[in-house]
Amino acid sequence: MTASRILVTRRLPEAVEQVLAERLRAQLGDANTALSRAQLAAALDEFDILLPTITDRLDADMLRPSSRVKLIANFGAGVEHIALDAARSAGIIVTNTPDALTDTTAELAMTMMLMAARRAGEGERLIRAGKWSGWGPSALMGQGLTGKLLGLVGYGRI
């Protein structure tokens with residue numbers, strides 16, 4: 001039995017790439033840039049498994065029953081970049097990682113709220129540019145979040 005040919009389209013964490021290369025002999029993307037539409041179309045005919053990310057747009061015209069790819073193992077929670085109905089019609093299984101980024105996304109949202117309220121981005125840019133003149137009572141004062149009301153829209157995972 002011949003091992004499945006796997007293409008990983010973008011650079012992944014080193015430990016993940018090591019397992020993919022050693023255990024599955026996956027072909028790893030050598031650049032950390034999105035593949036072109038032509039490269040993705042060619043990959044669908046050359047590989048058995050495609051491991052794309054959200055930057056790899058797989059539209060209905062690309063996902064055909066004649067494609068060699070039978071599994072799209074998406075690296076990420078979202079699948080809006082993949083024409084799911086076309087994949088299903090072509091007999092291509094699509095997977096994702098639905099809960100992998102739930103906590104991370106919430107943490108990043110908190111980081112952005114704190115940075116905006118406390119003007120941390122502005123302060124960081126001043127320091128990097130060598131323009132920080134030191135602390136002052138009103139320098140980059142910003143505002144706190146205590147007692148503020150936060151509106152949530154969606155209540156989805158991410």
Side-chain angles (χ1 to χ4, degrees), residues 1-130 145 150-158:
M1 176 181 228
T2 305
S4 296
R5 295 206 56 220
I6 303 168
L7 175 65
V8 181
T9 65
R10 296 290 292 264
R11 298 307 308 259
L12 300 178
E14 188 176 332
V16 174
E17 287 185 341
Q18 186 173 353
V19 170
L20 287 168
E22 290 174 2
R23 295 187 190 170
L24 302 174
R25 296 189 313 252
Q27 181 176 321
L28 305 174
D30 58 356
N32 201 17
T33 56
L35 296 182
S36 69
R37 189 175 196 290
Q39 289 171 311
L40 283 171
L44 291 169
D45 291 331
E46 184 180 344
F47 294 89
D48 302 296
I49 300 170
L50 184 66
L51 198 160
T53 68
I54 61 169
T55 58
D56 299 309
R57 303 280 174 217
L58 298 160
D59 61 48
D61 292 335
M62 298 170 74
L63 303 172
R64 310 168 317 281
S66 62
S67 296
R68 178 173 173 176
V69 162
K70 295 304 172 202
L71 171 63
I72 297 173
N74 184 55
F75 184 85
V79 291
E80 62 278 354
H81 58 291
I82 303 169
L84 295 177
D85 289 338
R88 192 175 301 110
S89 294
I92 300 170
I93 297 167
V94 177
T95 65
N96 67 337
T97 55
D99 292 321
L101 300 174
T102 303
D103 292 344
T104 302
T105 302
E107 291 165 358
L108 289 173
M110 290 298 301
T111 300
M112 292 189 322
M113 286 188 288
L114 289 167
M115 286 191 68
R118 290 299 184 173
R119 299 175 64 184
E122 293 170 72
E124 184 266 345
R125 286 188 295 280
L126 285 172
I127 291 169
R128 287 188 185 271
L145 296 179
L150 173 64
L152 298 176
V153 178
Y155 291 99
R157 284 192 304 261
I158 65 168

Could you give all pairs that pass the side chain to side chain donor-acceptor pair (under 3.5 Å) test and reach residues 106-119, with sequence neighbours left out?
-> R119-E122

Non-hydrogen side-chain atoms of L35 and L7 separated by less than 4.5 Å | yes

Around L114, counting heavy atoms of other residues, nucleotides and ligands shown, do more than 12 lie under 6.0 Å from its CG?
-> yes

Any donor-acceptor pair under 3.5 Å from S67 side chain to L63 backbone = no

Short question: side chain of R64, backbone of M62 - any donor-acceptor pair under 3.5 Å?
-> yes

What are the two closest heavy atoms between A77 and P98, and how far apart are they?
-> CB-O, 3.9 Å

Quick one: are N32 and R10 in side-chain contact, heavy atoms under 4.5 Å?
-> yes

Just wondering, are more than 12 heavy atoms of other shown residues or ligands nearer than 6.0 Å to CD in E14?
-> no

Set of residues satisfying side chain to side chain contact (heavy atoms under 4.5 Å, CB included) with respect to L12, sequence neighbours excluded | V8, V16, E17, L20, L51, F75

Does the side chain of T9 reach to within under 4.5 Å of the side chain of T55, using non-hydrogen atoms?
-> no

Which residues pass the side chain to side chain contact (heavy atoms under 4.5 Å, CB included) test with L108, sequence neighbours left out?
-> T104

Not counting sequence neighbours, which residues clear side chain to side chain contact (heavy atoms under 4.5 Å, CB included) with A42? List them please.
-> none

Interatomic distance, L28 atom CG to Q18 atom CD [nearest 0.5 angstrom] = 10.5 Å

Would you indicate whether the side-chain heavy atoms of L50 and D56 approach each other to under 4.5 Å?
-> no

When rounded to the nearest 0.5 Å, the distance separating CD1 of I54 from CD1 of I82 is 11.0 Å

A73 versus P52, closest heavy-atom pair with distance | O-CD, 3.7 Å

side-chain contact (heavy atoms from CB on, under 4.5 Å) between H81 and N74, intermediate numbers included = CA-CA 10 Å; H81 58 291; N74 184 55; 2.9 Å; yes

For the student: nearest non-hydrogen atoms of R88 and D85, plus distance | NH1-OD1, 2.9 Å

Apply side chain to side chain contact (heavy atoms under 4.5 Å, CB included) to M113 and list each qualifying residue two or more places apart in sequence or on a separate chain.
-> M110, L145, L150

Give the minimum heavy-atom separation between A83 and A60, together with the two atoms involved.
-> CB-N, 3.5 Å

To the nearest 0.5 Å, how far apart are CD1 in I6 and CG in L71?
-> 8.5 Å

Taking all non-hydrogen atoms of both residues into account, name the closest pair between P65 and A90 and its distance.
-> N-CB, 3.5 Å

With a 4.5 Å limit on heavy-atom distance, are the side chains of R37 and D61 in contact?
-> yes

Salt bridge (charged side-chain N to carboxylate O under 4.0 Å, His left out) contacts in which one or both residues fall within residues 67-79, not counting sequence neighbours = D48-R68

